[in-house]
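Numbered from 1 within each chain, the chains take letters A, B, ... in sequence-line order. The shown structure was predicted, so the numbers you read here are calculated from the model rather than taken from an experiment.
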There are 2 protein chains.
Amino acid sequence: MSKNKKKNSGCEINYVNKKSVNRVNKSMKNQEVIVKLAETFKVLGDPTRTKIVYALSKEELCVCDLTSIMGISQSGVSHQLRVLRNMDLVKYRREGRVAYYSLNDEHIANLLEEGLEHVEEKL
Amino acid sequence: MSKNKKKNSGCEINYVNKKSVNRVNKSMKNQEVIVKLAETFKVLGDPTRTKIVYALSKEELCVCDLTSIMGISQSGVSHQLRVLRNMDLVKYRREGRVAYYSLNDEHIANLLEEGLEHVEEKL
DNA sequence: CTTTTATATGATTACATGCTCATATGTTAT
DNA sequence: ATAACATATGAGCATGTAATCATATAAAAG
């Protein structure tokens, strides 16, 4: 090629505000924490699960009650409860055949509350 | 068929704790709010976006800086910024060719903080 | 004007995921 | 033991989505 000019897409490295980038990189959480945090939000980021968690923020409920509230199959509810359990968002206790689910810690209800404030502010 | 016994999977309607279900149904948010809330969490539920939002919780940054921090293409960063913008999680101002992004309201940083407390508690 | 640079966006692809169906597991009762 | 029932789980399908590439805007400089 006769031209050695390059048509750059995106910024050159020397154009970055290095101080900002260094500050942010320095205070950045490590990838493991970021991924775990993202997974937590992702788990809350499906309407079925959001509704389950909201219901459980009101009171402890068995799978049967949740199935009635959710309007999807019992299988579907159980699958989603497992997802929530795996991310430590909910816990459960068994009483005979019945499994009662509830939120795992107070952060979960706080997350919902904070999210609701953001959402209802923008309506 | 000679048998008319039904082998039920899932609970019978008359087995549900009706009072619990009624209480929860009564205080349930409407579907629109649940869906919007879920969308908000979903948007925070991807490691790339989580990291972008975390970075922006530290200071205002341009796309170029973010690209350097994120380690993916500028195109990828821009696509994710649009997603965050569409859910009102971030806002931006232009200064010449440069677009500076920042968090849209204080709830966003609070959500991150609350999520981090949950995550770091379980490590 | 044309060139350069910062950002935005359409198309494509590879992969993830929520739902239902069928079935398994675990608990109580007969 | 067998039956009944609450819950859990594997398979399969249908849909969603994050990444990149190529290209389009937009703003400043020559």
side-chain hydrogen bond (donor to acceptor under 3.5 Å, both in side chains) involving Glu113(A) - partner list, sequence neighbours excluded: none
Taking OP1 and OP2 of dT20(C), is either one under 4.0 Å from a side-chain nitrogen or oxygen of Ser73(A)? yes
Distance-only donor-acceptor check, side chains Tyr101(B) and Arg93(B), under 3.5 Å: no
For the atom pair CG (Leu37(A)) and CD (Glu117(B)), what is the distance rounded to the nearest 0.5 Å? 11.5 Å
Could you check which of dT20(D), dA6(D), dA18(D) has an atom nearest any side-chain atom of Ser75(B)? dT20(D)
Please list, by residue number, the residues of residues 76-94 of chain A whose heavy atoms come closer than 4.0 Å to an atom of DNA chain C; answer none if no residue qualifies. Gly76(A), His79(A), Gln80(A)
Calculate the interatomic distance between Ile72(B) atom CD1 and dA18(D) atom C1'; express it in whole Å. 8 Å
Could you tell me if the side chain of Met28(A) sits less than 4.5 Å from the side chain of Tyr54(B), heavy atoms only? yes
dA27(D) P sits how many Å from Arg97(B) CZ, rounded? 11 Å
Taking the side chain as everything from C-beta on, heavy atoms only, tell me whether Lys51(A) gets closer than 4.5 Å to Gln31(B). yes
Cluster overlap Val33(A) with Leu89(A), hydrophobic side-chain contacts below 4.5 Å: yes
So, does Arg49(A) get its side chain near the phosphate of dG18(C), meaning an N or O under 4.0 Å from OP1 or OP2? yes
Residue of the set Ile69(A), Asp65(A), Val63(A) for which side chain to side chain contact (heavy atoms under 4.5 Å, CB included) holds with Thr67(A): Val63(A)
Mind telling me whether His107(B) and His118(A) have parallel, tilted or perpendicular rings, with 30° and 60° as the class edges? perpendicular
Tell me which of Thr48(A) and Glu95(A) sits closer to the 5' end of DNA chain C, going by the nucleotide each one is nearest to. Thr48(A)
Between dC19(C), dT7(D), dT9(C), which one does the side chain of Gln74(A) approach most closely? dT7(D)
Within residues 28-44 of chain B, those residues having any heavy atom closer than 4.0 Å to DNA chain D are Lys42(B)
Is Val90(A) close to Asn104(A) at the side-chain level, that is, under 4.5 Å between some pair of heavy atoms? no
For atom CE of Met70(B) and atom C1' of dT7(C), their distance in whole Å: 17 Å
Would you mind classifying the nucleic acid contact of Tyr101(B) as base, sugar-phosphate or nothing, using non-hydrogen atoms under 4.0 angstrom? sugar-phosphate
